[in-house]
Each structure stands twice: as structure tokens, then as C-alpha cells.
Amino acid sequence: MTINEVAAGESRARLEENLERVEELSKRLVSALTRRHPTPQALNGPDSALYAKAAQAYVQEWVNNPAKLIEQQVSFWGKTVTTFVEAQQQLARGKLEAPEDPGPSDKRFKNPLWDNHPYFNYVKQQYLINADAIHQAVDAIEDMDEKEKRRLRYFSQQIVDMFAPTNFLATNPDALMKAVETEGESLVRGLENLVADLEANNGELVVRLADDNAFEIGENIATAQGEVIYRNRMMEVIQYNPTTEQVQETPVVLFPPWINKFYILDLKPQNSMIRWVVDQGYTLFVVSWINPDAKYRDVGLEAYVEEGFLKAIDVAKEVCDVDKVNAVGYCIAGTTLSLTLSLMKKRGDKSVRSATFFTALTDFSDQGEFTPFLQDDFADGIEEEINQEGILPSFIMARTFSFLRSNDLIYGPAIRSYMMGETPPAFDLLYWNGDGANLPGRMFSQYLRGLCQRNEFAEGTLEMFGETLSVKDVDVPVMSIATETDHIAAARDVYRGVQLMGSRSKQFVMGQSGHIAGIVNPPSKGKYGHYVLEDMSLDFETWKKTAEFRDGSWWPHWEAWLKKRSGKKVPARIPGDSAYEPICPAPGTYVKLKAAKQIQ
């Protein structure tokens, strides 16, 4: 037997082994899919009414302006035929190469075969032509409600992204090359990854972004030293150990969002905001919210305000023996901090000396990229899910946010995991992104309907605790941090909400980058800069053009502002040296509750 025959036999054996594994994995795949939690149709995509409106608008456009639509079609046909002819001419010359490709760059098409191989080049160019035609057709529609047009743009973009040739094995050169090189092993590993993700999420396809086994909370992430000194059904309050002999008299109470876990602010020592604040000489308290299950179905925003914000502020005041604290709210916790400050104003409670908001919306009059998810059909689907489960499961919120950046957060990771058979990376930020939290049914319904849809807080009509709350009631000194490319809380929308606040002392800072990277931006990195201008009487565009750009993190600028509102220096406070004895070490127990395990 020749060497080639031996090699061929070994290759066939490996192929047969892989086929056996595929059969076994297929059975597990079917079993996992049968456990899938049914979700309302409105949460799975646009309903038929949207397509009907789009079709009606398109027909109306054809009747009113047929020349324009014919022009679009002729342009599309011309580009398509030209691309085909160029490819045919190259083949007729006997050259297995693509025509010159001056097309736009796209990181999905990094493989050289997309440019120099006639088959892949033709597929790529035709895809880009199709995408451009769809975008032009949508933009050309007139006399359509702006909200509906935003939705149409969003869903048409989802179709464009979904049908990218990189998403299919037959038209993805990277995946094909990997399959050949590994004799099909990469495809088997990809199927294993797919089945594992389905099994881990009760039949829901949630693409793993990071290697779950690479991190353990409290061991190699969320490792800042401190103690849980208070716990109730809503939260644990962590007091962090001082690292300076003296601290500012006024403590800082930081409220992170409860959509995700607080340790985004303490991923590792090098970029930990929690460590940095403590190192500047502050007594820091951080709230770690419960990850709710169905028992929390009737918990509303009132519970977050009363048992969360107000209680944490009281705990910090008692521990430090002071009358006031400096409060910080991030994202939805910033929105709710503003509600709390309005309530405190009504009650005559002056416990907050200053408030800092990280990427926090208080005016929802412009729904921006979330327009598709804030219309009644989607909201009705959310409430149907809440009525079934008592909570909004974390995977629905995660999926919603992911589709706003589908190429980066869905298709790209899915290609690497399921088509290339790669293990998800050991990346702490992506691990945190996948460690979401459920949301109580009543709370989310209040937030979705009252704040997002009806904009009641900005309108001054929000009823809570027997009071009518308004953003104008927020009158403590305020600093608001927004970020330049935030797709969740757009800087212009954050700015507009702060302008409505009643504070005499207001500052707005805009960091570079987005919702996370623009906030978790330590000075040691020297990566992203920020814009500063104290005059908030200007409209946003004028403010942006006039603001001073400064290199590096905004953290030191904020700390200088905070220090002026933090009193004198006092001896450092050790957790547990007050009426609140330590319960357990930081990061506590609530942060370790996993959402997926609670949904059966």
C-alpha cells in the first residue's frame, strides 16, 4: 500500500468519524430546539402590518412618481448587468481573476479572495449592489410617517445584514478554506458550539460572545476589595476598602444599571473605575442589584426608588455619619436617579449634594435607533411575554440590543463560532455583555409605556408615590456624561434632557466612543478624548462645535468637579466599623445569579 493510499484511508476514517459526530449532534440539536421558550410574534420581527404599510407607500410612490422608480430600477439593472459582463469578459480571456474592484471597503470582506477570485468577487459586488438598491428604494419613499420610515429602514437593514454572503458557507471563503484544511473538523466543532449554545439557553439561539469558562466573578474579574454591608430583596450595598489614609467627607453612592451587572466598572485592575475612585480618596458605595425571577412580577419602579436608591443613600449617610452624599447613576439607573431626585425635591429631602449621570436619558421625545422597538406592536409583545413569565427574560433585551449592531454582535460571532468552529475569545467585556439580568414585569412596563412611549417625566406628568414628578424638579448640581457614538443613549438626547433640569449648576461632557468604552475609559489608557463646555444654553450642534476638545479620559475632569462638592478630608472609613456589619466580601452574591438558569 502506497503512502498516498494510507493517507487517503486515514482521511476517509476521519470523515466517517466526523459524520458520526454530526448525527449525534443533530439529535441533540433537535432535542434542544424542542425546549425553546415560545415568544410573542412581535418580538421576533416586524409584523405583516409594517410590510403592508411599506408596500402601500411603495405603490403610492409608483402612482405619483413612476419616473423616479423606473430610474432606480434601470440603475439597479445596469449595475447588475455590468458586473456580470465584466466577470464574463475576464473568463473569456482565459484569466481566472476578478475585474478591477474599486468598490467600498467592508471589514466583512477582508479575505483577498473577495477581490481577486472571480466567483467571490462577483458575489460580493452583487450583494453590495443589492444592498445599495434596497437603501435607495427605502429613502425614496415619500409621504410616509417618519416613525414608520425609521422602522422600515431598520428592518430593511436587518434583511441586508442577514443575507450577506459571509453568513453562508457556500459563499464564505474563510469558512470553506477552514473546512478543507481541517477535513470538516471545523464544521463539526461549529455544530457542537451551536448545540451547546441552544442547550445553555433552553432552545433560544443566543450566540456566546466569550468563553464562559475563562472568567469567575470575584476571582479574575470584579476583584476590588470591599464588603457587602447591607442587603434587601432589591440590592446589596458594597462598601469598598479605602486605599488612602484620608478620604473626602462626602461619600459617593454609585447606582449601576440593572439590565447588566455592576462589574462593568470593575472588570480588571487596569480599567476599574471602582478602584480609581477609591484611589482618589473617596468612600465608595456601589449597589449590586438582584437578578429577579418570576416572584418579582409586581415589582415596579417605586421599589427601585424606595428600596434601592433612597435606602442606599440612607445606608451611606449612616455609615459615614454625614447628612449628604454624591450620587452617580449609569444608564437606566441614571434615569431612575433623576426620578428619585424629583421625589426628594417634593419631600424636602436634601440628602444628595450632587448628581452625576453616565449616558442617562431623561427626555425620550426622540426615540432614535430604538424607534422600531417602542411602537405598540412590539410593546404589546413585550407585555404578552411579561404576562406569561412575570419578567422580561434577559435574552430578549440582549437580542434587541444586539440587532442594533447585528454584524458585530450576531453574525460576526456566529460565523466564527458555528462556521469556523472557533472557541469564543476569553474577553472580559464580552463575558460581561453576555451576563445579563431579567427585568421585573411591572417595572419594565412602566419604563416602556410611561417613560419611553409617553415621555411622562420630561412632560412633567409622571405619577409616583402620590406625587407628580418632573425632570424640572432636579435642582442639585449636575454633571452629565454622554458619549459620541452611543447607540443606546444618543448624546444629543442626553443633552436635551439635562437642559430641562432645574439645576442652576449643570455641566455636560461628551466622551469619545460609545456607551461602554466611552465610560470605562481610564486615564492610564490615554485612548479616548472628551469635549467640555459649561454653557448649556446652546443647542446641541452649536455646543458640539464650540466645545473644547481635551485628550484623554474625562475621569480627572469629573473628579475635580466632584472634589469641590465633597467637603473636607477625614480619616478613611473601614467597612464594618459602623452599625452595618459586613455580610460577605465583595462582589457579593446577587451579582453571581445567572439569568438563563432561572428561565425553565
Side-chain angles (χ1 to χ4, degrees), residues 33-56 144-159 161-162 198 201-207 257-260 291-294 296-301 331-332 335 361 364 366-406 409-410 436-456 487-488 595-596 598-600:
L33 288 171
T34 59
R35 300 201 302 272
R36 184 176 182 272
H37 167 76
T39 55
Q41 174 59 34
L43 305 188
N44 294 323
D47 63 11
S48 58
L50 176 64
Y51 289 119
K53 289 178 182 177
Q56 182 181 5
M144 188 178 194
D145 179 79
E146 182 56 33
K147 286 185 178 180
E148 292 300 333
K149 194 162 185 178
R150 279 188 176 184
R151 299 185 81 195
L152 185 58
R153 282 197 185 100
Y154 168 80
F155 288 119
S156 65
Q157 185 60 52
Q158 294 307 311
I159 292 170
D161 292 342
M162 183 188 305
L198 287 168
N201 293 282
N202 298 299
E204 286 293 339
L205 182 54
V206 180
V207 184
W258 51 87
I259 293 173
N260 291 97
N291 191 347
D293 56 21
Y296 284 74
R297 72 164 53 239
D298 296 322
V299 167
L301 281 169
C331 191
I332 190 175
T335 304
L361 291 168
F364 294 85
D366 187 340
Q367 297 170 347
E369 291 194 46
F370 279 90
T371 298
F373 306 109
L374 295 179
Q375 306 316 302
D376 281 337
D377 56 352
F378 191 85
D380 291 344
I382 288 286
E383 291 189 336
E384 184 181 339
E385 174 72 17
I386 286 170
N387 291 335
Q388 290 177 11
E389 300 297 322
I391 55 175
L392 182 66
S394 67
F395 76 84
I396 291 179
M397 282 298 293
R399 186 170 61 192
T400 300
F401 285 124
S402 294
F403 271 111
L404 292 174
R405 293 293 182 270
S406 57
L409 296 177
I410 297 177
N438 306 320
L439 300 176
R442 183 167 179 268
M443 182 285 300
F444 193 75
S445 184
Q446 288 174 300
Y447 181 77
L448 180 64
R449 298 290 194 185
L451 294 177
C452 297
Q453 283 194 324
R454 296 193 292 268
N455 201 25
E456 290 175 349
H487 64 288
I488 295 173
Q598 298 180 15
I599 305 171
Q600 302 299 331

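- Scanning for salt bridge (Lys or Arg N to Asp or Glu O under 4.0 Å) contacts around Arg153 gives Asp139, Glu146, with sequence neighbours left out.
- Atom CG of Leu448 sits about 11.0 Å away from atom CG of Leu439, to the nearest 0.5 Å.
- Each of Ile386, Ile396, Asn438 was compared with Ile391 under the side chain to side chain contact (heavy atoms under 4.5 Å, CB included) criterion, and only Asn438 meets it.
- In plain terms, the two heavy atoms of Thr335 and Leu361 that are nearest each other are OG1-O, 2.6 Å.
- Take Ser406 and apply the side-chain hydrogen bond (donor to acceptor under 3.5 Å, both in side chains) test, not counting sequence neighbours, and it matches Asp161.
- The structure places OH of Tyr447 at 5.0 Å from CD1 of Ile332, a figure rounded to the nearest 0.5 Å.
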Legend entry - Verdict with reasoning, Tyr296 to Arg442, per side-chain contact (heavy atoms from CB on, under 4.5 Å): CA-CA 8 Å; Tyr296 284 74; Arg442 183 167 179 268; over 6 Å; no
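- Looking at heavy atoms from C-beta onward, Pro440 lies out of side-chain contact with Arg297 at the 4.5 angstrom threshold.
- Taking all atoms of both residues into account, the shortest heavy-atom contact from Cys331 to Pro257 is CB-CB, 4.1 Å.
- With values rounded to the nearest 0.5 angstrom, Asn260 atom CG is found 8.5 Å from Met397 atom CE.
- Arg449 pairs by the salt bridge (Lys or Arg N to Asp or Glu O under 4.0 Å) definition with Asp376, Asp380, Glu383, not counting sequence neighbours.
- Between atom CD of residue Gln446 and atom CG of residue Leu451 there is a gap of 8.5 Å, rounded to the nearest 0.5 Å.
- The main-chain N or O of Leu152 is found under 3.5 Å from a side-chain atom of Ser156 such that the two form a donor-acceptor pair.
- By the side chain to side chain contact (heavy atoms under 4.5 Å, CB included) test, Leu409 is found to be paired with Leu209, Ser402, Arg405, residues two or more places apart in sequence or in another chain being considered.
- For the pair Phe364 and Gln453, the minimum side-chain heavy-atom distance is 4.5 Å or more.
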